[in-house]
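Computed from a predicted model, the values in this text were never measured in an experiment. Only heavy atoms go into these numbers, but all of them, side chains included; no hydrogens, no water, no symmetry mates.
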Amino acid sequence: MVADAATGVALALRGEGDPYALSRILRQGDALSLAAIRVLGADALAPYALDHRAAPGGEDDETVVREALAAYPPGADASEVSVWSYRGLVEASHAFLPGGAGRWPRPPEAGAVWIDNDPWPKLAHRASQLAALALPGLAPGLADALAARTDDLARGFVRAVRRRDWLQAAGLGRWLARLPQVPPTLGLDAGLAFVRQMSGGDARVTLHVAAARSFYGRGR
């Protein structure tokens, strides 16, 4: 289910397939569909950030996202990654779907101390899990904090490639595509193309690379 939805998002970002509608890929009232939306987070709405690639989300999309937010809110013991992911989906709903801010949940407070304190391997792991928040305009505070550790994210990208962890590499590459002052010596464009090729068609890797290309012109 997650792979099918990720494939649909990637196709829309590349301008392929039918006009994108989240509710056409993931059905209302279906538990697996709602879980898939929570896994994808803000990426479920990514095509709506490109005006020429998808029609504005309608009431059916509103309904299925609202159901996902209600079904899987972060609990009191939720990880920081889970809270940030939920927050990103709320922010994307405000930005890309109609309905007015008053009809969406308020974004939960999400801690960012870990960005300063985590050693670079742990930072890279968490940042890669939050790659959906690398959409333009989302989580500006998180992006600014990660920008201060660009070199550590670049180290994580290289390490993930060497370990053949294509999903982590793609997520980190996507963040690096958004951040300024990425070291030219990293070879990000060629690196993203290599990750996509070596991933064997992994749908979420393809989505991350497509997003890096569509929004920031990185990758080949």
Can you confirm whether or not the ring centre of W175 sits under 6.0 Å from the ring centre of Y216? no
If only atom types and distance count, is the side chain of R178 paired as donor or acceptor with the main-chain N or O of P136 below 3.5 Å? no
Check against side chain to side chain contact (heavy atoms under 4.5 Å, CB included), T63 and S23: CA-CA 8 Å; T63 298; S23 53; over 6 Å; no
Closest heavy-atom pair, A169 versus V195, reported as atoms and distance to 0.1 Å, is CB-CG2, 3.8 Å
Shortest non-hydrogen contact between G29 and E67, atoms and distance: N-OE1, 2.8 Å
Quick check against the 3.5 Å criterion: does W166 have a side-chain atom that pairs as donor or acceptor with the backbone of G200? no
Backbone N or O of A78 within a donor-acceptor pair of the S82 side chain at under 3.5 Å? no
Could R66 and W104 be counted as a cation-pi pair, given that NZ or CZ must be under 6.0 Å from the ring centre and within 45° of the axis? yes
Donor-acceptor pair, R87 side chain versus P108 backbone, under 3.5 Å? yes
Ionic contact status for R27 with D60, cut-off 4.0 Å: no
Let me see the working for L11 and T7 under side chain to side chain contact (heavy atoms under 4.5 Å, CB included), right down to the final yes or no. CA-CA 6 Å; L11 287 172; T7 296; 4.1 Å; yes
Would you check if the side chain of S214 reaches a backbone N or O of A211 as a donor-acceptor pair within less than 3.5 Å? no
Run I25 and V9 through side chain to side chain contact (heavy atoms under 4.5 Å, CB included) and show every step you take. CA-CA 9 Å; I25 299 173; V9 173; 5.6 Å; no
Minimum heavy-atom separation for G111 to W84, with atom names? O-NE1, 2.7 Å
Taking atom types as modelled, is there a side-chain donor on S199 or D202 under 3.5 Å from an acceptor on the other? no
Under the side chain to side chain contact (heavy atoms under 4.5 Å, CB included) criterion, do L207 and R174 qualify, and how do the steps go? CA-CA 10 Å; L207 191 164; R174 182 174 172 184; 3.6 Å; yes
Do E80 side-chain atoms and A110 backbone N/O form a donor-acceptor pair below 3.5 Å? no
Does V205 offer a backbone N or O that forms a donor-acceptor pair with the side chain of R196 under 3.5 Å? no
Backbone N/O of G219 and side chain of R213: donor-acceptor pair under 3.5 Å: yes
Donor-acceptor pair, distance only, cut-off 3.5 Å: does the side chain of R38 make one with the backbone of Y72? yes
Any side-chain heavy atom of I115 sitting closer than 4.5 Å to one from L142? yes
Polar side-chain atom of D43 near backbone of A46 as donor-acceptor pair, under 3.5 Å: no
